[in-house]
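A note on names: the letters A, B, ... follow the listed sequences, proteins ahead of strands, and every chain is numbered from 1. The analysis underlying the following values was restricted to heavy atoms, covering all of them including side chains, and did not include hydrogens, waters or symmetry mates.
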Amino acid sequence: MQQNYSPKDIEATAQQHWSQTEAFRAVKESGKPKYYCLSMFPYPSGKLHMGHVRNYTIGDVLTRWHKMRGYSVLQPMGWDAFGLPAENAAIANKVPPAKWTYDNIAYMKKQLQSLGLGIDWSREIATCKPDYYKWNQWLFLRMLEKGIAYKKTQVVNWDPVDQTVLANEQVIDGRGWRTGALVEKREIPGYYLGITQYAEELLADLDKLPGWPDRVKAMQANWIGKSFGVRFAFPHDIKDNGAAINDGKLWVYTTRADTIMGVTFVAVAAEHPLAAHAAKSNKDVAAFVEKCKHVSVMEADIATMEKEGVDTGLKVTHPLTGEQVPVWVGNYVLMGYGEGAVMAVPAHDERDFGFAKKYSLPIKQSIRVADKTFSTDKWLEWYGDKENGVCVNSGKYDGLNYQQAVDTIAADLKAKNLGDKQVQWRLRDWGISRQRYWGCPIPIIHCDSCGSVPVPDEQLPVVLPEDCVPDGSGNPLHKRADFLNCTCPKCGKPARRETDTMDTFVDSSWYYSRYASGFKSDAMVDEETNHWMPVDQYIGGIEHAILHLLYSRFWSKVMRDLKLVNYDEPFANLLTQGMVLNHIFSHRTDKGGIQYFAPNEVEMMKDEGGRITAKLVSDGSAVDYQGIGTMSKSKLNGVDPQALIDEYGADTARLFMMFAAPPEQTLEWADSGVEGAHRFLKRLWAFGAEFANIGKETHDLGALSGDAKALRREIHLALRQANYDMARFQFNTVVSAAMKMLNALEKSGKEAANRAVVNEALSILLRLLSPITPHIAHALWRELGYGDDVLAAQWPEPLEAALVQDELELVLQVNGKMRGSIKVSASADKAAIEAAAIAHEAVQKQLNGGAPKKVIVVPGRLVNVVA
RNA sequence: GCCGGGGUGAUGGAACUGGUAGACGUGCCGGACUCAAAAUCCGGUGCCAGAGAUGGCGUGAGGGUUCGAGUCCCUCCCCCGGCACCA
């Protein structure tokens with residue numbers, strides 16, 4: 001056996017062994033439970049980053065652990081291969097996104113393989129390949145048939161210089177990232193998926209997911225946002241070209257119908273017909289509507305921006321009081337959300353309150369809470385309280401509580417035919433059209449005579465040409481005659497193909513079911529899918545807690561309703577790993593755009609005020625420090641693990657990553673512990689080599705005493721803790737248990753009894769480490785003669801017999817402060833323990849001659865004397 | 001702004017249902033080996049006072065419940081994730 005730890009050799013050998021024995025090929029095995037372990041597939045951005053290493057090591061640890069515990073496992077891998085970074089790379093390097101993507105996949109696959117992951121590579125997927133995305137298109141057509149997919153207008157960010165649609169990420173402070181031009185809102189047609197048709201089930205089925213973290217379920221429930229409210233109308237006779245606008249009714253929705261008597265104005269979106277009407281004759285309104293075109297479409301921006309508005313001069317009628325109510329245009333009212341208009345009750349809504357104060361609009365109290373005094377000077381929390389309030393200044397509704405008021409008011413509105421109760425969802429339908437090249441083509445043909453015609457199934461897939469090079473000025477498909485020109489499937493006349501592609505969330509909404517299938521060319525999924533699904537353990541970043549997971553749940557339910565699969569929920573258990581964070585550095589370009597720099601190109605310093613400043617190593621020019629954030633391709637703050645793997649080996653990288661922090665916790669990147677992880681593996685190897693030289697010893701482990709007995713107890717105690725932590729995925733303390741074991745073994749004596757315990761302990765330690773550092777465990781298991789394959793060995797369990805002790809040490813406290821400890825026999829009763837405690841010198845000193853008021857004994861742990 | 005999570009030594013983190021705060025690492029200090037360094041090994045290391053025994057303080061800040069609080073409750077501060085076209 002080699003005396004020095006040589007990760008290069010043992011890792012290559014172990015990996016060869018797994019690939020030759022097809023150790024991780026997923027097959028149905030009778031009599032064994034299945035375990036489908038899935039890590040979120042990576043976007044092929046070029047190189048793995050530490051977040052990937054973390055994610056895939058967690059998945060591999062769980063896969064190998066389950067394999068050793070008798071499961072038949074499936075752990076697949078693939079590529080979320082469509083997306084924006086490929087187009088950005090094309091703009092920068094003039095390389096087609098397809099070539100860039102395939103090159104990245106080849107490189108990253110090598111990296112993944114060098115980590116020694118137990119992946120069934122025969123099930124690899126790349127979403128940019130026609131044999132995969134064909135089924136995106138096919139299912140989209142089924143959704144069109146069922147009315148789940150439909151067309152309507154959508155609001156997008158428009159860069160007027162590049163003449164292109166921008167992603168939210170490409171808008172920096174209201175300007176295009178490349179051009180620095182002021183971004184405009186534009187309304188264009190696009191396809192939507194009716195996820196709201198499934199809102200009720202998506203909400204209710206969260207209860208069917210006990211294996212999901214509560215925090216993720218809470219976020220999803222809040223996102224779906226079921227609310228019970230009232231939709232009602234303000235009648236008016238505002239006419240445009242002689243006809244009443246919207247039949248003379250201004251509809252709004254509110255969850256606070258109980259405050260309806262406090263309405264002092266209504267606010268409509270800039271795109272609302274009433275605003276458009278007012279703009280025709282009122283310059284101020286027209287100017288404001290124009291200004292609103294530059295308001296961000298992002299919710300975070302809308303929520304934090306200054307609320308502004310302008311009076312249209314128009315009036316509508318309050319449906320209950322008959323009073324005339326002014327109509328304002330507000331920049332915070334969104335046309336695409338609800339009715340595009342809201343009733344404003346400044347007295348009981350914080351946003352309306354601020355708006356009314358700003359424009360000196362009346363504030364009318366209509367809710368009272370006992371013992372509280374209302375004042376229009378300043379907003380107070382209780383103004384918005386619907387639990388404890390009753391109506392006031394509200395005529396016949398005075399004295400009613402929230403629910404009574406809503407019920408009565410809804411009934412009155414209904415009687416007037418001006419409204420009714422309505423359940424509303426915060427969740428909006430899913431807009432999937434992207435005005436981009438590098439995505440799955442939407443299978444639609446536009447015909448001058450027949451309109452938008454679905455591509456017939458037998459013409460699928462609509463294949464995306466792979467040789468385009470986007471230049472930042474719109475979708476290059478517009479210039480591709482061979483893609484664009486086709487014949488109408490209905491009438492046979494010349495027609496044009498749709499050039500929009502699908503949101504990449506479509507690709508990732510069902511890949512897990514394709515992995516699990518038999519990869520048929522004539523079916524999206526098959527019977528094998530139902531065998532492996534649902535995923536037993538899904539692992540991925542917490543940043544996907546809402547969108548990706550919600551879309552996947554929705555897509556699964558649509559597939560179920562099409563009888564393609566038989567499960568309601570795709571992911572039985574979810575582990576949301578925390579982000580790996582690193583520093584972010586950027587700098588404004590001359591055009592007003594933004595450029596990022598990798599942390600290793602930058603030197604960080606602190607100024608006198610303790611603020612972090614930074615400059616480029618290359619030329620010393622100053623760059624802006626943007627704080628710390630998730631490792632991402634676009635911000636260039638990822639750390640490539642390759643250098644680590646090359647220098648220390650995959651086992652060190654895996655061990656370090658698992659040891660650094662528990663999986664769910666965010667992790668600020670620092671490589672200072674890598675050496676320590678490597679040192680541990682070197683010590684393990686050296687200890688193994690030494691033990692191989694000394695040789696084994698037979699000794700009855702049931703008849704140990706002294707050192708050997710204590711050593712064995714220590715090992716089994718650490719094993720008990722490790723198994724407990726393994727089950728709750730706290731791998732950092734599993735590693736520390738393994739380190740404790742090795743520390744204990746290194747200190748142990750060389751007599752026969754000790755060596756027999758070491759023999760047992762090493763076999764435990766190697767099996768325990770095998771999921772985390774599989775290569776070294778594989779090599780030592782064979783070298784020390786425990787067997788051919790540690791993966792085939794049984795998972796170790798602590799033995800009760802090894803854990804018993806004759807004497808216990810109890811902590812002594814006086815008034816909750818630790819003052820010493822006592823040793824008692826394991827069989828001592830409460831009275832004996834109390835007596836021993838009170839007799840203790842330190843306790844006597846604290847009691848100072850007095851008698852204890854009370855003595856609390858926590859069995860096996862401590863005694864607290866209350867003085 | 002809203003929703004979700006987090007804050008513990010110099011540092012990554014541990015502490016099971018409220019029961020010895022700082023496990024296991026890193027770093028640092030001292031020692032051994034060495035001509036020397038690296039590597040390796042041994043010992044120490046929360047802060048303050050003290051020669052020491054020991055005492056006091058200590059889990060973002062402030063308050064509360066309890067024999068006992070990092071853990072439970074209230075108020076506040078800071079950081080991270082998501083907010084629908086980054087993936």
Under the rule for ring-ring contact (aromatic ring centres under 6.0 Å, His included), what residues qualify as partners of F731(A), not counting sequence neighbours?
none
R215(A): partners by salt bridge (Lys or Arg N to Asp or Glu O under 4.0 Å), with sequence neighbours left out:
E664(A)
Over all strands shown, is S433(A) touching base, sugar-phosphate only, or nothing at heavy-atom distances under 4.0 angstrom?
base
For rA14(B) and rG7(B), measure between their C1' atoms and round to the nearest Å.
16 Å
Only Watson-Crick and G-U wobble pairs with both distances less than 3.5 Å should count. Give RNA chain B in dot-bracket notation, marking inter-strand partners with |.
(((((((..(((......[....)))((((((.......))))))((((....))))..(((((..]....))))))))))))....
Gap in Å between the two P atoms, one belonging to rU65(B) and one to rA49(B), rounded
33 Å
Going 5' to 3' along RNA chain B, which nucleotides are the first and last within contact of chain A (any atom under 4.0 Å from a heavy atom)?
rG1(B) to rA87(B)
Which value, in whole Å, describes the distance between the C1' atoms of nucleotides rG82(B) and rC67(B)?
44 Å
For T304(A), which contact category applies under a 4.0 Å heavy-atom criterion: base, sugar-phosphate, or nothing?
base
Integer angstrom distance from the C1' of rG60(B) to that of rU8(B)
10 Å
Under the salt bridge (Lys or Arg N to Asp or Glu O under 4.0 Å) rule, collect the residues that match up with R428(A), sequence neighbours excluded.
none
Which value, in whole Å, describes the distance between the P atoms of nucleotides rA69(B) and rG19(B)?
11 Å
Could you give the distance separating rU71(B) and rC16(B) at their C1' atoms, to the nearest angstrom?
12 Å
Assign R728(A) to base, sugar-phosphate, or nothing according to its heavy-atom contacts below 4.0 angstrom with the strands shown.
sugar-phosphate
Only pairs under 3.5 Å count here: list side-chain donor-acceptor contacts from residues 538-546 of chain A, not counting sequence neighbours, and write none if there are none.
unit_1: Y538(A); atom_1: OH; unit_2: Y511(A); atom_2: OH; d: 2.7
unit_1: Y538(A); atom_1: OH; unit_2: H548(A); atom_2: NE2; d: 2.7

Need one value for V165(A): base, sugar-phosphate or nothing, where a base atom within 4.0 Å counts as base even if backbone is also close, heavy atoms only.
base
Quiz: residues 680-689 of chain A side-chain donor-acceptor pairs under 3.5 angstrom, not counting sequence neighbours:
unit_1: R683(A); atom_1: NE; unit_2: E746(A); atom_2: OE1; d: 3.3
unit_1: R683(A); atom_1: NE; unit_2: E746(A); atom_2: OE2; d: 3.1
unit_1: R683(A); atom_1: NH2; unit_2: N743(A); atom_2: OD1; d: 2.5
unit_1: R683(A); atom_1: NH2; unit_2: E746(A); atom_2: OE1; d: 2.9
unit_1: W685(A); atom_1: NE1; unit_2: Q2(A); atom_2: O; d: 3.0
unit_1: W685(A); atom_1: NE1; unit_2: N4(A); atom_2: O; d: 3.4

Taking atom types as modelled and ignoring hydrogens, do the side chains of S473(A) and Q163(A) form a donor-acceptor contact shorter than 3.5 angstrom?
no
Tell me what F680(A) touches on the nucleic acid: a base, only sugar-phosphate, or nothing, going by heavy atoms under 4.0 Å.
nothing
5'-most contact on RNA chain B: N864(A) or D725(A), nearest heavy atom basis?
D725(A)
Under 3.5 Å side-chain donor-acceptor pair for D159(A) and W177(A)
no
Looking for any heavy atom pair under 4.0 Å, which part of the strands does L862(A) touch: base, sugar-phosphate only, or nothing?
base
Students often get this wrong, so: under 4.0 angstrom with heavy atoms, is W430(A) touching a base, only sugar-phosphate, or nothing?
nothing
What is the nucleic acid contact for V866(A), judged by heavy atoms within less than 4.0 Å: base, sugar-phosphate only, or nothing?
sugar-phosphate
Glycosidic conformation of rG82(B), syn or anti, with 90° from 0 as the boundary?
anti
Side chains of S433(A) and Q154(A): does their closest heavy-atom pair fall under 4.5 Å?
yes
Integer angstrom distance from the C1' of rG55(B) to that of rA39(B):
43 Å
Which part of the nucleic acid, if any, lies within reach of E664(A) when heavy atoms closer than 4.0 Å are counted: base, sugar-phosphate only, or nothing?
nothing
Of N732(A) and L427(A), whose nearest nucleotide on RNA chain B comes first from the 5' end?
N732(A)
Please measure how far the C1' atom in rU66(B) lies from the corresponding atom in rG30(B), and state the result in whole Å.
44 Å
Looking across every strand, which nucleic acid part, if any, lies under 4.0 Å from P42(A) by heavy atom: base, sugar-phosphate, or nothing?
nothing
Suppose we screen for ring-ring contact (aromatic ring centres under 6.0 Å, His included). Which residues come up paired with H49(A), at least two apart in sequence or across chains?
H52(A)
Determine the contact category for G629(A): base if any of its heavy atoms lies under 4.0 Å from a base atom, sugar-phosphate if only primed atoms, P, OP1 or OP2 are that close, otherwise nothing.
sugar-phosphate
Which part of the nucleic acid, if any, lies within contact of V156(A), taking any heavy atom under 4.0 Å across all strands shown: a base, the sugar-phosphate backbone alone, or nothing?
base
For a quick check under 3.5 Å, do R178(A) and Q170(A) share a side-chain donor-acceptor pair by atom type?
no
Quick one: list whatever passes salt bridge (Lys or Arg N to Asp or Glu O under 4.0 Å) with E714(A), sequence neighbours left out.
none
Across the strands shown, which category fits M298(A) at heavy-atom distances under 4.0 angstrom: base, sugar-phosphate, nothing?
sugar-phosphate
Using a heavy-atom cut-off of under 4.0 Å over every strand shown, decide if Y43(A) touches base, sugar-phosphate, or nothing.
sugar-phosphate
